[in-house]
Amino acid sequence: KASKYLITKKLYDFVVVSNKPSTTKQISGSSENDYLKYSGKIIRKIVIKRLDVFGTDINNPLGIPSEKFVNILNKTHINTIERIIRKNLLFSEGDTLSPLLLSDNERILRQLPYIDDSRIIIISESDGYVDIMVVTKDIYSLGGSFEYKSVSKGAVSVYDKNIFGTGHDLKLRMPYDSDSTGSPGFGVFYNVNNISRSFINLNVYYQDALGKRMYGFGIDRQLVSSATKYAGGISIRQTFTTEDLDTLPEPEPLKFNYQDYWLSRSFLL
């Protein structure tokens, strides 16, 4: 039925993916066991392969999208810069290969908010050396959302999870409520992941909406891998609002500050 009309045919081809036979070698999912036979070898070269968002398969990284419609969609997205991918690697050229580290790193790449999937593949070995290919596929970074609570109350948001391929995240939010002062409001949220390869994340935000003004920042470093010993975070938020307290004849301006600090230490058993 979809093939009868051009628009529905394109939508069908875009949504439904068939298992077409391929002459290109398929790559199975990696794990620590896949790297064990290469343990102790020296990493000679690291190659980064960034796949297009649409029409590509992480298990067939050499495949090229052929549909014109898919190629047009891919042009609306900027792939993550190679330097940003390398910044999130736990290993470098010249290091001794650790199977546990490679397995951890594959998971870390997948968990990045702008990466859909990843593979770390040994592509060649000789005389105690190995070459590694890191394959990544982005998440389409542009998007929006609508929160509906009632006809007169809700919020509209737009975001870019990967600004110009840098891995930075920007979100603009506009809440509204016809029964509240300061409607519609405005909020901006900005996140930076893995500053200078330290795996420290920074987020700052400002929001002025519905009678409440709030701004603050947060810095944190998680236990990203089994080799990470220390993690911690700081979060500070300042809020200005108006509260209608029962003991006061009229609403009173209210200001308060929220702070949170945490630190953790891991031990490898």
Side-chain angles (χ1 to χ4, degrees), residues 27-35 43 46-54 56-61 77-92 95 97-122 132-143 145 157 159-171 189-205 217-235 260 262-269:
I27 298 169
S28 60
S30 299
S31 66
E32 184 184 350
N33 293 332
D34 297 328
Y35 306 125
I43 300 172
I46 301 173
V47 179
I48 307 296
K49 175 71 174 177
R50 296 166 298 159
L51 303 182
D52 288 331
V53 175
F54 302 106
T56 56
D57 183 359
I58 193 72
N59 294 318
N60 182 11
H77 173 81
I78 300 175
N79 272 338
T80 304
I81 300 170
E82 182 175 321
R83 172 177 53 85
I84 302 301
I85 301 297
R86 290 185 180 273
K87 186 178 70 171
N88 286 281
L89 298 181
L90 302 175
F91 54 90
S92 305
D95 289 353
L97 190 147
S98 165
L100 179 58
L101 203 64
L102 260 65
S103 180
D104 263 358
N105 210 155
E106 197 175 66
R107 173 187 52 80
I108 290 168
L109 289 172
R110 287 197 196 105
Q111 290 178 342
L112 291 172
Y114 47 89
I115 296 294
D116 178 54
D117 205 350
S118 70
R119 294 286 188 275
I120 297 178
I121 308 157
I122 309 296
I132 293 177
M133 176 185 285
V134 179
V135 184
T136 61
K137 183 177 180 180
D138 283 5
I139 291 173
Y140 189 70
S141 62
L142 300 175
S145 63
S157 301
Y159 59 80
D160 188 343
K161 291 184 178 181
N162 195 357
I163 302 173
F164 302 118
T166 60
H168 294 193
D169 180 2
L170 174 65
K171 180 181 179 181
F189 306 83
Y190 194 82
N191 299 319
V192 182
N193 289 286
N194 192 2
I195 300 173
S196 299
R197 210 176 181 181
S198 63
F199 288 94
I200 294 175
N201 306 315
L202 169 68
N203 66 85
V204 294
Y205 49 89
F217 74 93
I219 300 175
D220 71 88
R221 183 175 190 260
Q222 303 293 329
L223 294 168
V224 292
S225 78
S226 56
T228 306
K229 292 183 178 180
Y230 291 96
I234 299 172
S235 179
D260 179 41
W262 65 274
L263 178 68
S264 66
R265 170 71 160 89
S266 71
F267 300 90
L268 189 62
L269 300 180

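All figures in this text were calculated on a predicted structure; none of them were measured in a lab. Computed from heavy atoms alone, side chains included, the values below leave out hydrogens, waters and symmetry copies.
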Any donor-acceptor N/O pair, Asn191 side chain to Leu170 backbone, under 3.5 Å
no
Side chain to side chain contact (heavy atoms under 4.5 Å, CB included) for Asp220 and Ile200? Distances and angles first, verdict last.
CA-CA 6 Å; Asp220 71 88; Ile200 294 175; over 6 Å; no
Do side-chain atoms of Lys49 reach the backbone of Thr136 as a donor and acceptor pair under 3.5 angstrom?
no
Is the side chain of Arg119 donor-acceptor paired with the backbone N or O of Asn59 at a distance under 3.5 Å, no angle test?
no
Gln222 side chain reached by Phe199 side chain, heavy atoms, under 4.5 Å
no
Is it the case that the side chain of Tyr35 and the backbone of Leu97 share a donor-acceptor pair, with hydrogens and angles ignored and the cut-off at 3.5 Å?
no
Please examine the side chains of Asn162 and Thr80, heavy atoms only from C-beta on, and report whether any two atoms are closer than 4.5 Å.
yes
Please report the interatomic distance CD1(Ile120) to CG(Leu90), rounded to the nearest 0.5 Å.
8.0 Å
Using the rule given for side chain to side chain contact (heavy atoms under 4.5 Å, CB included), can you reason through Ile46 versus Val134, listing the C-alpha separation, both sets of side-chain angles and the distance that settles it, and then say yes or no?
CA-CA 7 Å; Ile46 301 173; Val134 179; 4.1 Å; yes
May I ask you to decide if Phe217's main-chain N or O and Asn203's side chain share a donor-acceptor pair within less than 3.5 Å?
no
Measure the spacing between CD1 of Ile78 and CZ of Arg50 and express it to the nearest 0.5 Å.
11.0 Å
Between the side chains of Ser225 and Asn105, is a donor N or O closer than 3.5 angstrom to an acceptor N or O?
no
Using a 3.5 Å cut-off and no angle test, enumerate the donor-acceptor pairs between side-chain atoms of residues 262-269 and protein atoms at least two apart in sequence or in another chain.
residue, atom, partner, partner atom, Å
Arg265, NE, Tyr230, OH, 3.3
Ser266, OG, Thr228, O, 2.6

Do you know which two heavy atoms are closest between Asn193 and Pro113, and how far apart they sit?
ND2-CG, 3.7 Å
Asp138 and His77: side-chain donor and acceptor closer than 3.5 Å?
yes
Could you tell me if the side chain of Asn79 sits less than 4.5 Å from the side chain of Asp52, heavy atoms only?
yes
Measuring from Lys161:NZ to Asp169:CG, what's the distance to the nearest 0.5 Å?
7.5 Å
Verify ring pair (Phe, Tyr, Trp, His ring centres under 6.0 Å) between Phe189 and Tyr159, making sure each step is shown before the conclusion.
CA-CA 9 Å; Phe189 306 83; Tyr159 59 80; over 10 Å; no
Any donor-acceptor N/O pair, Arg221 side chain to Gly233 backbone, under 3.5 Å:
no
Just so I know, are the side chains of Lys137 and Val53 near enough to count as touching, which here means a heavy-atom distance under 4.5 Å?
no
Do the side chain of Thr166 and the main chain of Ile163 share a donor and acceptor less than 3.5 angstrom apart?
yes
Under a 3.5 Å distance rule, please check whether Asp116 uses its side chain to pair with a backbone N or O of Ile139 as donor and acceptor.
no
Output the distance between atom OG (Ser226) and atom CG (Leu101), rounded to the nearest 0.5 Å.
7.0 Å
How far does CG of Leu112 sit from CD1 of Ile108, to the nearest 0.5 angstrom?
8.5 Å
Any donor and acceptor pair, going by atom type alone, linking the side chain of Arg86 with main-chain N or O of Ser92 inside 3.5 Å?
no
Judged by atom type as modelled, is there a donor-acceptor pair below 3.5 Å linking the side chain of Asn60 to the main-chain atoms of Asp57?
no
Evaluate whether atom CZ of Arg197 has more than 12 neighbouring non-hydrogen atoms of other residues, nucleotides or ligands under 6.0 angstrom away.
yes
Exactly one of Val47, Ile121, Ile48, Leu102 should register a side-chain contact (heavy atoms from CB on, under 4.5 Å) with Ile132. Which one does?
Leu102
Rounded distance (nearest 0.5 Å) linking atom CG of Leu51 with atom CD1 of Ile58
5.0 Å
After noting the C-alpha distance and the side-chain angles of Ile43 and Phe91, does the key distance pass the side chain to side chain contact (heavy atoms under 4.5 Å, CB included) rule?
CA-CA 9 Å; Ile43 300 172; Phe91 54 90; 3.8 Å; yes
